[in-house]
Every structure is written in structure tokens, then in C-alpha cells.
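So the structure is just underneath, and the comments pick up after that.
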Amino acid sequence: MRGFAIGALTVSHFRSHRALRLVLDGRPVAITGPNGAGKTNLLEAVSLLSPGRGLRRAEPGDLARRPEAIGWKVRAGVRTPDGLHEVETWADPGAAREVRVDGKVATQAALGRLLRVLWLVPTMDRLWTDAAEARRRFLDRIALSFFPDHAEAALAYDKAMRDRNRLLKDAVRDPAWYAALEARMAEAAAVLRANRAAAVGRLAAAQAGAATAFPRAELQIDEGEGAAGDLAATWARDRARDMAAGRTLAGPHRADLGAVYADKGMAAALCSTGEQKALLVSLVLANARALAADLGAAPVLLLDEVAAHLDAGRRAALYDEICALGAQAIMTGTEAHLFDSLGGRGQTFAVVDEGGLSVVEETARPRSVSA
Amino acid sequence: MTDRTPREIEALIALMARLPGLGPRSARRAVLHLLTRREGLMAPLAQAMARVALAARDCAVCGNIGTSEICPICADPARATAEICVVEQVSDLWAMERAGVFRGRYHVLGGTLSALDGVTPDSLRIPALVDRVAAEGVTEVILALNATVEGATTAHYLAEALAETGASVTSLAQGVPVGGELDYLDDGTIGAALRARRRM
């Protein structure tokens with residue numbers, strides 16, 4: 001199966017890269033180099049080919065290479081099930097991020113419909129012990145990968161809720177105004193909840209019966225307050241309490257995601273660091289399998305420092321599963337030997353830092369070294 | 001280049017650049033165009049702008065922009081008084097009029113509700129609308145607001161505010177545009193069109 005893939009990638013004035021052009025052939029990619037060489041910056045550039053602020057959640061202005069700060073641009077040829085497309089995204093200094101698809105101005109939401117990109121980054125290693133916001137974001141990225149309308153619903157919900165919060169802070173007492181905003185929030189909340197629940201269902205189905213070396217994670221959404229019943233009625237009832245708090249206290253923006261290491265029956269937060277990492281890898285692979293089944297093409301995977309916390313056996317299993325999926329996984333690691341078991345099945349690049357500038361070179365495929 | 005351009009002309013360019021659709025470069029080009037056609041275009045334009053700037057005013061009834069106390073639409077005895085079409089901006093009123101299909105009268109809100117931007121029901125001419133509906137014997141209020149979160153919030157608010165007047169409150173349909181192809185529609189529009197389907 002041929003998946004979604006990045007072909008030629010051009011990165012200009014983006015973080016540590018000044019002018020970079022990589023030609024990728026759709027196979028997995030291993031990028032190696034020392035800390036601070038600019039490996040993750042490359043993954044971040046690719047992550048901006050999907051809606052949102054990318055895998056570091058950076059402001060567009062922070063992505064520009066310094067000291068020039070003349071704005072940045074990422075351009076990529078993208079292979080999708082319906083053909084090849086040219087995607088450009090950039091931000092001028094002080095301006096919002098812009099997108100063009102095949103030479104025409106497009107929205108970020110349009111990127112979500114064109115290309116599917118999933119990522120796993122080291123900051124997610126603490127996902128199960130972090131604040132709920134990080135897990136909600138993780139859940140929303142999964143939902144977005146299945147349902148591109150998730151982005152619009154999230155924006156609509158956020159917009160109406162920020163307006164409601166303003167009314168609460170200003171102690172406005174206009175029931176009709178609240179009711180109008182709560183009706184918008186309820187509409188968007190219904191979409192958000194349905195998408196999240198369906199996404200978790202898809203992951204469960206993709207994990208069940210899959211031939212994988214990674215442990216099964218049982219996910220559960222905790223909707224928090226107002227879980228059962230009519231959210232609009234809950235918000236209408238709780239206006240006085242919300243006004244005292246100065247914000248909306250119930251709704252999908254307060255949901256949390258729980259995970260259990262299924263075979264051990266142990267909450268993910270209590271598992272070892274390595275087990276937590278394995279659970280995350282398992283979820284990303286399940287997400288990729290489910291998308292591949294839906295769309296006939298595996299998503300692009302961005303796996304930053306994925307080899308950390310995985311033993312040699314699990315690393316080999318990961319590469320095998322990626323290749324079986326036909327996914328273009330772009331992976332980084334500090335040492336080339338971490339990708340030995342990928343063998344000749346992928347492309348390898350080395351990144352070095354030369355006086356604050358990242359230099360990337362394609363290297364010959366790593367020799368299979370016996371351990 | 002800039003330091004050789006007289007200050008008055010620079011000031012004109014700076015003013016032009018504040019118009020919608022114009023930036024510094026296109027403003028410079030437009031001003032140069034006017035300067036080369038001073039008699040044929042620039043002077044008549046300046047006179048027309050001065051005249052309209054003096055005469056222009058908001059219609060006391062509907063909020064349309066015209067040159068009299070009551071705009072021609074509100075003053076036209078041939079327009080039906082039983083129907084009021086509510087729009088966000090004067091540009092929306094003009095768009096409705098270009099279509100030439102609505103024979104009732106209008107009410108321009110002047111925007112949409114936004115707590116974050118400090119746009120309140122009172123600043124939107126909503127009380128004036130409620131008064132008009134009661135005073136003019138209006139039987140139907142048609143909400144022709146933009147299909148945005150703010151537009152939908154405002155429509156919801158208006159429906160509530162007008163409930164006591166007894167007038168029926170309707171809104172424009174959302175769906176497949178005339179001459180449009182399904183293949184080019186986004187998912188949200190297709191969903192709205194399907195929900196608003198009708199029997200043939």
C-alpha cells in the first residue's frame with residue numbers, strides 16, 4: 001500500500017535551516033545528528049503541512065530563522081490518494097500563517113482534508129502525567145486525523161465560549177445573549193464529542209486483533225461535568241456559578257483522556273517510562289492503521305527521538321510495522337545505529353550544525369551491523 | 001523616490017492606502033492615474049466626494065446609507081411593509097437589492113453581537129428593530145445574516161428578542177449555490193444542504 005507522502009521538501013529561513021531541499025521517495029526516513037543540529041526543526045516544518053501550529057505549537061513569528069527574521073516558507077510536493085499536490089505555507093514577519101495548495105490560496109482546514117500527518121514528540125513522553133490540556137490536544141489531533149471538520153467545530157466552539165467568558169467576566173446579565181452563545185457552543189460541542197468518541201472507537205478497533213509488538217492501550221474519555229444530558233441546559237443553569245468563576249466550567253474544553261495498559265490493567269500514568277512510550281507508539285500506529293483502512297493510504301508519521309526508551313527489539317518491531325503499513329515515517333535520532341534494523345528499507349540523512357546553520361546530507365544506507 | 005514626492009501627494013497616497021482592497025503600491029498607482037487625468041477624472045471625483053460627504057446620512061428608519069432623512073427604499077410606497085429583511089451591513093442590503101427579488105424593507109444592524117469586541121444588542125440597533133416590527137405591523141422578519149458563528153449567535157438572539165412581537169422569524173436557506181457543483185462544496189455546506197432538502 002502506498003501512503004500519503006512528502007516528495008520534494010523545500011524549507012527556507014525556517015529556524016536553523018536557511019535554504020534546504022530534500023528529495024524524499026516515500027519510504028521511511030531516518031534523520032540523525034547531534035543534539036541541537038536541527039533534526040526536529042525539519043519535522044516541525046513538515047508538521048506545518050497540517051492545520052494548527054505544528055508539533056511545537058509555536059507562533060508563526062517564532063519559526064523564522066534569526067537574526068534575519070524575514071519570514072519563513074515551507075514548500076512540499078505531496079502525494080495523496082487522489083494525486084500529487086503542491087503545498088506551500090509561510091508567514092511574513094508579524095503576519096499570520098498562509099497556505100497555498102496548487103498555487104491557489106487555501107485555508108489551514110483545507111490542509112487537513114488534503115494530507116494526514118500524525119506525530120509523536122518527546123514532550124509527549126509525559127502525556128499521561130501532564131495536565132489534562134495536553135491529553136485533550138492529543139485526542140483532538142487524533143479526531144482531526146479522522147474527521148477534518150473537527151478543526152472547524154473546535155474553532156466555532158472556542159469562539160462562542162470566549163464570547164461567553166467575556167460576558168461572564170463583565171457580569172452581563174442578558175439571558176438571550178447567553179442563550180444564543182450557548183446554542184452555538186452546544187452545536188459545536190456535539191460535533192466535538194461525537195468525533196472524539198468515534199476516534200477512540202476507531203483506535204480500539206484498530207488495536208484489537210492487530211499483529212503488533214506494542215501493548216494495547218484502552219482509552220476512555222472523561223467528559224467531566226455536564227457529561228450526561230443537555231450541555232445547553234447545564235450552561236443555562238450554571239450561569240451564576242460560572243460568573244463567579246469568570247469562565248465556563250463545563251463542556252468539551254474540560255474533557256480528559258484516560259489510558260490503561262490493557263494487558264496489565266494498569267493506568268498509563270503508573271506505568272514505567274518505557275511502557276508509557278510503548279503505549280503512545282501503539283496508539284500512533286493504531287491511528288495510522290485505522291486511517292490506512294479508511295482512506296486506502298497510511299498517513300505521514302513524524303516520530304521525533306522515537307528510539308529513546310525503546311529497546312532494540314521494539315525498535316526493530318516499530319520499523320517492521322511502519323514498512324508493513326507503507327507509511328512514510330520521518331524519524332529522528334541522535335545515533336545512526338538506532339536505525340540499523342531499518343536497513344535498506346528507508347532513506348537516511350545526517351544533520352550537522354555549522355555555526356548556527358543546519359546542513360543536511362543524504363547518507364548511504366546504514367550497514368546492518370550485528371549488535 | 002519618496003523624498004522627491006511632494007508632501008500633499010504623499011498624504012493623498014497615504015489616505016488612499018486606507019481604502020479596502022488598496023495597499024501602499026496600488027494606492028500609489030491609483031493616485032498617479034488620477035494625477036495624469038486631473039481634469040477629466042480627478043477634479044470631478046474630488047467634487048463628487050465633497051458633495052456626497054456633505055449630503056450622506058444614515059436612514060433614520062432602516063440604517064441604509066443615503067442622502068435624505070429617509071432612504072428611497074423606506075420612502076417607496078410600493079415596497080411591502082409586512083416584511084423586513086435584517087442584514088449585518090449596508091453592503092449586504094445593496095447585495096440583496098442587486099438581486100432585485102425582495103420587495104419588502106430592510107433593517108441594517110451595523111454588525112453582529114460580539115462580547116469580545118464590545119458589540120452589544122443596544123449598539124446593533126436591535127431595540128429599534130423590535131420597535132419597528134411592533135409599530136409597522138410587520139408579519140415576517142427575514143434574517144439575512146452571514147453564515148458565521150457571530151451571524152448565527154445574532155440570529156438566535158434576534159429570534160428571541162422578536163418572539164413577543166408575534167411576527168414570524170425566518171432565515172435564508174444554506175446549501176448548494178445556484179449553478180454550483182456538489183464536487184466543489186465543502187462538507188459543512190453539503191451537510192446544511194442535505195438537512196434543508198425539500199420535496200420535489
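Below, chain A is the first sequence line, B the second, and so on; all start at residue 1.
- Considering all non-hydrogen atoms of both residues, B:L109 and B:V86 come closest at CG-CG1, 3.6 Å.
- With a 4.5 angstrom heavy-atom cutoff, A:R184 touches chain B only via side-chain atoms.
- For A:D174, the part lying under 4.5 angstrom from a heavy atom of chain B is the side chain only.
- Side-chain N or O atoms of A:R100 include none that pairs as donor or acceptor with a backbone N or O of A:E86 at under 3.5 Å.
- Within a 6.0 Å sphere centred on CZ of A:R247, heavy atoms belonging to other residues, nucleotides or ligands number 12 at most.
- Contacts of A:R164 with chain B are absent, with no heavy-atom separation under 4.5 Å from either backbone or side chain.
- Note on ring orientation: taking the six-membered ring where Trp is involved, the planes of A:W235 and A:Y157 are tilted (angle from 30° to 60°).
- A salt bridge links A:R162 with A:D158: at least one charged nitrogen is closer than 4.0 Å to a carboxylate oxygen.
- By a heavy-atom distance cut of under 4.5 Å, B:L113, B:S114, B:A115, B:L116, B:V119, B:T120, B:P121 are the residues of residues 112-134 of chain B near chain A, going up by number.
- For A:R97 (side chain) and A:P60 (main-chain N/O), no donor-acceptor pair under 3.5 Å exists by modelled atom type.
- Between B:R105 and B:E136 there is no salt bridge, since none of the side-chain N atoms of the basic residue sits less than 4.0 Å from a carboxylate O of the acidic one.
- The list of side-chain hydrogen bond (donor to acceptor under 3.5 Å, both in side chains) pairs with a residue in residues 190-200 of chain A, not counting sequence neighbours, reads A:D140-A:R196, A:D149-A:N195, A:H150-A:N195, A:R193-A:E223.
- Side chain of A:R79 to main chain of A:A5: no donor-acceptor pair is present (N/O by atom type, distance under 3.5 Å, no hydrogens or angles).
- Using a 4.0 Å cut-off between a side-chain N of Lys or Arg and a carboxylate O of Asp or Glu, B:E10 and B:R28 qualify as a salt bridge.
- Annotation: residues 138-155 of chain B contacts chain A through B:V149, B:E150, B:A152, B:T153 [non-hydrogen atoms, separation under 4.5 Å].
- Under the salt bridge (charged side-chain N to carboxylate O under 4.0 Å, His left out) criterion, B:R51 pairs with no residue, sequence neighbours left out.
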